[in-house]
Amino acid sequence: MLEGKLALVAGVANRRSIAWAIAQALHAAGARCAFTYQGERLEKTVRELAASVDSDVVVPCDVRSDADLDRAFGEVAAGLGGLDILVHAIAFAQAHDLQGRFVDTARDDFWLALDVSAYSLTAMARRAEPLMAARGGGSIVTMTYLGGERAVPRYNVMGVAKAALESSVRYLAADLGPANIRVNAVSAGPVRTLAARSIPGFATMEEMVAERSPLKRNIDAADVAKTAVYLLDAENVTGTIAYVDAGYHAMGM
Ligand code: NAP
């Protein structure tokens with residue numbers, strides 16, 4: 001389906017990461033993947049995972065740094081020979097902000113969460129634009145959660161960041177559409193990953209999805225990957241958010 005496409009996957013921390021499930025699905029669909037990771041402690045894991053999908057283009061990138069982003073996009077473009085696909089699966093908030101009340105969020109912590117979890121999509125899209133335009137277009141997908149639309153207990157500042165991320169998807173789709181670059185998001189239900197473990201009450205979120213969603217079950221990272229690949233491939237879909245949550249978002253109670 002994506003034979004010969006060149007993809008950058010950002011946000012693999014380990015084999016449970018949603019980004020890793022998407023990378024595997026991209027590889028199965030015929031795409032060639034490059035990876036960015038944050039910090040030396042992740043390098044060995046990400047290199048080993050990358051090797052298992054025949055990739056050796058693995059570069060460090062902390063999305064808070066413009067210099068890092070510039071270098072990483074340069075190395076990825078050189079390593080792959082271009083860019084057609086960007087997978088953005090990155091988010092961060094201070095652990096203390098994922099408990100207690102949103103109203104108590106400090107200014108610095110607010111900006112940190114918004115910077116890493118929302119602005120980084122725009123920063124990456126801007127660097128991807130010329131590379132994708134040079135190949136006649138491209139496709140970008142990011143990861144969001146229902147907490148960006150509704151007040152989910154303890155999701156707090158991350159929900160505000162997801163609201164900014166979802167709005168960014170629409171504005172980026174409008175800006176980049178004329179260059180045939182599409183921008184979409186998957187809104188995923190709870191999936192057990194490293195980031196998810198830092199959300200207190202995560203198990204309760206899973207229980208509620210199993211109890212109240214139309215399909216009465218939880219989803220996994222492979223389900224998210226399937227829809228991400230669909231969005232990356234769907235040539236006339238842009239500016240949209242696809243829910244992969246067993247239908248939970250459709251329920252009033
Ligand atoms: P994950 O495996 O922990 O992935 C999150 C990634 O973000 C990690 O690789 C993390 O690296 C990276 N990251 C954090 N700060 C960064 C920075 N400054 N620069 C570069 N990378 C940075 O968790 P995940 O659940 O797969 O999360 C992927 C995306 O899916 C996130 O946007 C998350 O909000 C979204 N999502 C997850 C769920 C869920 O239930 N799991 C549901 C809906 C949406 P470090 O490990 O080094 O911090």
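Just so it is clear, the values below take in all heavy atoms, side chains as well, and ignore hydrogens, waters and symmetry mates. Ligands are counted one by one from 1 in listed order, and the atoms in each one are counted from 1 as well. The model shown is predicted, which means the values in this text are computed figures rather than measured ones. We number each residue from 1, following the sequence as shown.
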Just to confirm my output: which protein heavy-atom neighbour is closest to [atom], and how far is it?
atom	value
atom 9 (O) of ligand 1	Gly11 O, 3.0 Å
atom 30 (O) of ligand 1	Met143 CB, 3.2 Å
atom 20 (C) of ligand 1	Cys61 O, 3.4 Å
atom 48 (O) of ligand 1	Gln38 NE2, 3.3 Å
atom 40 (O) of ligand 1	Val191 N, 2.7 Å
atom 38 (C) of ligand 1	Ile18 CD1, 3.9 Å
atom 31 (C) of ligand 1	Ala91 CB, 3.6 Å
atom 33 (C) of ligand 1	Lys162 NZ, 3.7 Å

May I ask you to check whether [X] has an N/O atom sitting below 3.5 Å from an N/O atom of ligand 1?
X	result
Thr144	no
Ala195	yes
Arg41	yes
Leu42	no
Thr193	yes

Against heavy atoms of Ala196, which atoms of ligand 1 measure under 4.0 Å?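 Going through ligand 1 atom by atom, the ones under 4.0 Å from Ala196 are 41 (N).
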Per-atom contacts of ligand 1 with Ala89, taking only distances under 4.0 Å to non-hydrogen atoms: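 Numbered from 1, ligand 1 contributes 5 (C), 6 (C), 7 (O), 28 (C), 29 (C).
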Check whether the side chains of His249 and Ser187 place a donor and an acceptor atom closer than 3.5 Å, and report yes or no.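 No - no donor-acceptor pair under 3.5 Å links their side chains.
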Do Leu2 and Asp233 have side-chain heavy atoms sitting under 4.5 Å apart?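 Side-chain contact under 4.5 Å: yes.
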My understanding is that we take every heavy atom of each candidate and find the minimum distance to atom 2 (O) of ligand 1. Doing that for Ser17, Ser117, Ala113, which one comes out nearest?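 Comparing heavy atoms across Ser17, Ser117, Ala113, the nearest one to atom 2 (O) of ligand 1 lies in Ser17.
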Among Ile90, Asp245, Asp62, Leu69, which one puts a heavy atom closest to atom 18 (N) of ligand 1?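 Looking at heavy atoms only, Asp62 sits closest to atom 18 (N) of ligand 1.
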What closest approach, in Å, do Arg135 and Gly81 show between heavy atoms, and which atom pair accounts for it?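 Scanning both residues completely, I find the closest heavy atoms to be NH1-O, 4.1 Å.
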Give a yes/no verdict on whether any heavy atom in Gly189 is under 4.0 Å from an atom of ligand 1.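 So Gly189 counts as touching ligand 1.
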Does atom CZ of Arg71 have more than 12 heavy-atom neighbours from other groups under 6.0 Å away?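 Atom CZ in Arg71 is packed in, count exceeds 12.
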Heavy-atom contacts under 4.0 Å between Val12 and ligand 1: side chain, backbone, both, or neither?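 Contact part for Val12 vs ligand 1: backbone (N, CA, C, O).
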